[in-house]
S.K.: 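Sharing a structure with you now.
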Amino acid sequence: MTPTLRIRSVENDADLRCVAALADIIWREHYAGLIDDAQIEYMLERGYAPARLAADVERQGVHYWLASLNRAAVGFAAAGPDESDPGFWLHKLYVHRDVRRQGAARGLLRQAESLGRTRGARNIQLRVNRGNRLAIAVYEKLGFKKNRCHVKDIGNGFVMDDYLLSKTLNDADD
Ligand SMILES: CC(C)(COP(=O)(O)OP(=O)(O)OC[C@H]1O[C@@H](n2cnc3c(N)ncnc32)[C@H](O)[C@@H]1OP(=O)(O)O)[C@@H](O)C(=O)NCCC(=O)NCCS
């Protein structure tokens, strides 16, 4: 049977708990060896605690989507304004290892880009860890271009050592 991919907007706290549960799994698997274990736990708490997710949606205007394959949630994305930089940002894009390369990230990104256009953005930006070669390859395949490096102090002695990438949003792509 051909798997059915579905992308939908996050609608309630249960959906946000689903996002956090997926992040717990995907982050610990994917970032092990790339980021310190202590930093992974710190960033999970900082980015996915219930209060943080609720504040993203209710106060910051960040939109979340869930991807499901055959009705099981397998990935998520978040996009919207950033608290420290202007513009429209893809904040999160994560797909469970077991279901990669089946178009979930492409589908999630399509939704984020569509929202960006609706909000009048000319481009969509993101930050990606400089050692995250898998994600960088995928983003380049999806049309993003590397701009520059960006190191940010995130507290507790941790830094994020990222590339900034961006992609122009053309009307015709919708
Ligand atoms: C990056 C990630 C979200 C991609 O998700 P995915 O669902 O496998 O991606 P898709 O299947 O939609 O693929 C999108 C495109 O990237 C390409 N791609 C996917 N995996 C790739 C890989 N390992 N190497 C090169 N290209 C790849 C696909 O071929 C596809 O292009 P195509 O449609 O022209 O064939 C997923 O690998 C992931 O969650 N990684 C770990 C978490 C992470 O690093 N997230 C980004 C944080 S900034």
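In listed order, ligands and their atoms are each counted from 1. Source: prediction; values computed, not measured.
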S.K.: Which bit of V95 is near ligand 1, meaning a heavy atom under 4.0 Å away: side chain, backbone, both or neither?
M.R.: both
S.K.: For the residue pair S166 / N147, report whether a side-chain donor-acceptor contact shorter than 3.5 Å exists.
M.R.: yes
S.K.: I'd like to know if E41 and R28 make a salt bridge, using a cut-off of under 4.0 Å between side-chain N and carboxylate O.
M.R.: yes
S.K.: Could you go step by step and tell me if R148 and D162 meet the salt bridge (Lys or Arg N to Asp or Glu O under 4.0 Å) rule?
M.R.: CA-CA 9 Å; R148 60 187 168 86; D162 291 338; over 6 Å; no
S.K.: Starting from atom 32 (P) of ligand 1, locate the nearest protein heavy atom and write down its residue, its atom name and how far away it is, to 0.1 Å.
M.R.: R106 NH2, 3.3 Å
S.K.: Quick test of your reading of the model: are R8 and D15 salt-bridged, counting only N-O distances below 4.0 Å?
M.R.: yes
S.K.: Can you pull out the closest protein heavy atom to atom 6 (P) of ligand 1? Residue, atom name and distance to 0.1 Å, please.
M.R.: A105 CB, 3.6 Å
S.K.: Just by modelled atom types, is the N170 backbone N or O under 3.5 Å from a matching donor or acceptor in the R117 side chain?
M.R.: yes
S.K.: Do me a favour and list the nearest non-hydrogen protein atom to atom 11 (O) of ligand 1 with residue, atom name and distance?
M.R.: G103 N, 2.8 Å
S.K.: Which option, H96, K141, R101, owns the non-hydrogen atom nearest atom 27 (C) of ligand 1?
M.R.: R101
S.K.: Does Y139, backbone or side chain, put an N or O under 3.5 Å from an N or O of ligand 1?
M.R.: no
S.K.: Is the count of non-hydrogen atoms from other residues, nucleotides or ligands lying under 6.0 Å from E29 atom CD greater than 12?
M.R.: yes
S.K.: What do we get for F76 next to ligand 1 when only non-hydrogen atoms under 4.0 Å count, side chain, backbone, both or neither?
M.R.: neither
S.K.: Where the closest heavy atom to atom 3 (C) of ligand 1 is concerned, which of I136, L34, L93, L22 has it?
M.R.: L93
S.K.: Give a yes/no verdict on whether any heavy atom in W27 is under 4.0 Å from an atom of ligand 1.
M.R.: no
S.K.: Please work out, at 4.0 Å between heavy atoms, whether the side chain, the backbone, both, or neither of R100 comes within that distance of ligand 1.
M.R.: both
S.K.: Counting only heavy atoms not in R133, do more than 12 fall under 6.0 Å of its CZ?
M.R.: no
S.K.: Salt bridge or not between K152 and D85? Use side-chain N to carboxylate O under 4.0 Å.
M.R.: no
S.K.: What atoms of ligand 1 come within less than 4.0 Å of a heavy atom belonging to A135?
M.R.: 44 (O), 46 (C)
S.K.: Is there a nitrogen or oxygen of L134 sitting under 3.5 Å from a nitrogen or oxygen of ligand 1?
M.R.: no
S.K.: If the cut-off is 4.0 Å to any non-hydrogen atom of Y94, which atoms of ligand 1 fall inside it?
M.R.: 39 (O), 42 (C), 43 (C), 45 (N), 47 (C)
S.K.: Tell me yes or no: between the side chains of Y64 and K92, is some donor less than 3.5 Å from an acceptor?
M.R.: yes
S.K.: Below 4.0 angstrom, counting only protein heavy atoms, does anything approach atom 13 (O) of ligand 1?
M.R.: no
S.K.: Please work out whether any backbone atom (N, CA, C, O) or any side-chain heavy atom from C-beta onward of V99 is under 4.0 Å from ligand 1, and answer side chain, backbone, both or neither.
M.R.: neither
S.K.: Salt bridge check: are D56 and R52 linked by an N-O gap of less than 4.0 Å?
M.R.: yes
S.K.: Looking only at heavy atoms, is any part of Q102 under 4.0 Å from ligand 1, and if so is it the side chain, the backbone, or both, or is it neither?
M.R.: backbone
S.K.: Nearest non-hydrogen atom to atom 1 (C) of ligand 1 belongs to which of N132, I26, D162, V138?
M.R.: V138
S.K.: Do you see a donor-acceptor pair shorter than 3.5 Å between the side chains of N132 and H30?
M.R.: yes
